[in-house]
Number of protein chains: 2
Amino acid sequence: MRYTSGMTFLPSACPSGDEKVQLFGLLLETNARLARSLGLELESSCELPLAWFDVLLQLRRAPDGRLKMNQIADAIVHSTGGTTRLVDRLEEAQLVERQNCPNDRRAIHVAITDKGNVKLDEALGVHLEYLEGTLANRLSCDERATLATLLTKLNRPAKP
Amino acid sequence: MRYTSGMTFLPSACPSGDEKVQLFGLLLETNARLARSLGLELESSCELPLAWFDVLLQLRRAPDGRLKMNQIADAIVHSTGGTTRLVDRLEEAQLVERQNCPNDRRAIHVAITDKGNVKLDEALGVHLEYLEGTLANRLSCDERATLATLLTKLNRPAKP
DNA sequence: TCAGTATAGTTGTATATGCAACTATTTGTC
DNA sequence: GACAAATAGTTGCATATACAACTATACTGA
């Protein structure tokens with residue numbers, strides 16, 4: 001969303017609900033722009049869709065290099081159905097593989113393959129370069145830390 | 001993206017590129033969760049898809065209550081083709097209308113209708129209530145102002 | 001004025017995604 | 001132990017979106 005450019009957000013003001021609407025819109029817009037430009041970058045440089053990159057990164061971060069389907073779905077904020085199809089495509093490209101889960105025969109382990117790790121490394125190179133041009137150039141180190149803290153607070157699931 | 005919960009981001013550290021990867025992932029994840037929950041909320045309460053809400057809000061913010069197609073596309077970060085279809089649907093629901101642009105016969109003005117304004121008001125009620133449960137409950141007024149400032153910096157288009 | 005180029009929007013086509021219904025397995029309860 | 005409820009994942013179907021090719025109009029320079 002594009003709001004009046006140069007608009008300032010004074011801490012002392014904080015009056016109307018519109019301030020929150022604007023902030024939320026700003027969050028949506030910022031994210032959409034960054035995701036789109038990164039997606040194009042990854043796609044053109046590595047032929048790796050952003051969603052694939054996201055899955056591979058989750059898997060690498062996982063303790064064992066593998067996650068169950070529902071863990072992936074939650075981590076990347078997709079539906080379970082969508083995740084099934086997404087993993088189908090990743091598996092067809094041999095970047096991940098499905099493994100049986102010994103304890104629970106309903107569940108599926110999804111593990112990153114060697115080929116997947118190579119691809120992810122390649123993509124991380126592109127990603128880091130991209131981040132230098134966006135995050136690093138526009139926000140100081142302290143500002144990034146502050147942003148991370150605020151987003152973490154925002155990201156907490158709602159209380160039941 | 002789900003990273004180790006409870007992770008802290010110390011300003012003094014700021015070492016590896018991974019800090020930026022994490023921050024970027026956090027931004028994607030936060031946005032996805034918020035957008036999804038708001039979308040479900042708007043859809044179930046008002047039968048208004050989030051994308052429709054976004055368009056209507058942009059139109060209301062516009063000086064004249066109307067924007068050209070490419071302005072909408074840019075504001076909501078969609079392709080022009082996608083925007084054409086989106087506006088098609090909104091127009092079919094009589095929430096907006098296409099108008100000829102006298103100066104430029106290539107261009108189309110999209111204007112919000114009375115019905116669209118009513119719908120938007122309804123949706124804004126839901127939206128504000130939702131925001132109380134997310135933004136307002138999780139971030140203080142100052143924190144929201146800080147977040148808005150940081151996002152605005154991030155959102156600036158890259159230098160040519 | 002005219003040719004060439006740029007811009008605004010639409011449309012054909014492919015794909016990615018969500019939701020709901022479904023199967024298979026596990027867990028809980030009596 | 002058996003039946004009910006919960007959980008994990010897949011699939012059919014509908015829809016939203018992007019990309020690229022296309023049409024129509026406007027601009028630019030000789």
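What you see is a predicted model, and the numbers here were worked out from it, not measured in a lab. In what follows, every chain begins at residue 1, and chains take the letters A, B, ... in the order their sequences are listed.
Here the P atom of nucleotide C:dG9 and the NE2 atom of B:His109 are 9 Å apart, to the nearest Å. Regarding B:Asn103, its CG atom lies at a distance of 13 Å from the P atom of C:dG9, rounded to whole Å. We find that CD1 of B:Ile108 is positioned 11 Å from P of D:dT25, with the value rounded to whole Å. Between B:Arg106 atom CZ and C:dT5 atom P there is a gap of 17 Å when expressed in whole angstrom units. Here the P atom of nucleotide D:dA18 and the CE atom of B:Met69 are 12 Å apart, to the nearest Å. D:dA16 atom C1' lies 13 Å from atom CG of B:Leu50, rounded to whole Å. Between the CG atom of A:Leu67 and the C1' atom of D:dA8 there is a distance of 15 Å, given to the nearest Å. Atom CG in B:Asp88 sits about 14 Å away from atom P in D:dA18, given to the nearest Å.
Note on B:Leu40: only backbone sugar-phosphate atoms sit closer than 4.0 angstrom, heavy atoms only; bases stay farther off. Backbone-only engagement by A:Asp104 is indicated by non-hydrogen atom pairs under 4.0 Å involving sugar-phosphate atoms exclusively.
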Apply side-chain contact (heavy atoms from CB on, under 4.5 Å) to A:Leu95 and A:Val55, showing your working.
CA-CA 10 Å; A:Leu95 302 178; A:Val55 171; over 6 Å; no
Show the numbers, then the answer: is there a salt bridge (Lys or Arg N to Asp or Glu O under 4.0 Å) between B:Arg138 and B:Glu143?
CA-CA 9 Å; B:Arg138 300 180 197 184; B:Glu143 286 173 328; over 6 Å; no
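At C:dG9, one or more side-chain N or O atoms of B:Asn70 fall inside 4.0 Å of OP1 or OP2 (strictly under the cut-off). At the phosphate of C:dA8, neither OP1 nor OP2 sits under 4.0 Å from any side-chain N or O atom of B:Arg105. An OP1 or OP2 oxygen of D:dT10 is reached within less than 4.0 angstrom by a side-chain nitrogen or oxygen of A:Arg98.
By the 4.5 Å heavy-atom criterion applied to side chains, A:Leu139 and A:Thr146 are not counted as neighbours. With a 4.5 Å cut-off on side-chain heavy atoms, A:Gln22 and B:Arg61 count as touching.
Taking for each of A:Pro102 and B:Lys68 the nucleotide of DNA chain C with the nearest heavy atom, the 5'-most of the two is the partner of B:Lys68. Residue-to-nucleotide proximity on DNA chain D shows that, of A:Arg85 and B:His78, the 5′-proximal contact is made by A:Arg85. Nearest-nucleotide positions on DNA chain D for B:Leu86 and A:Ala107 put A:Ala107 closer to the 5' end.
Residue A:Arg89 places its side chain closer to C:dT17 than to any other of D:dT10, C:dT10, C:dT17.
Remark: A:Asp74 does not engage A:Lys68 in a salt bridge, criterion side-chain N to carboxylate O under 4.0 Å.
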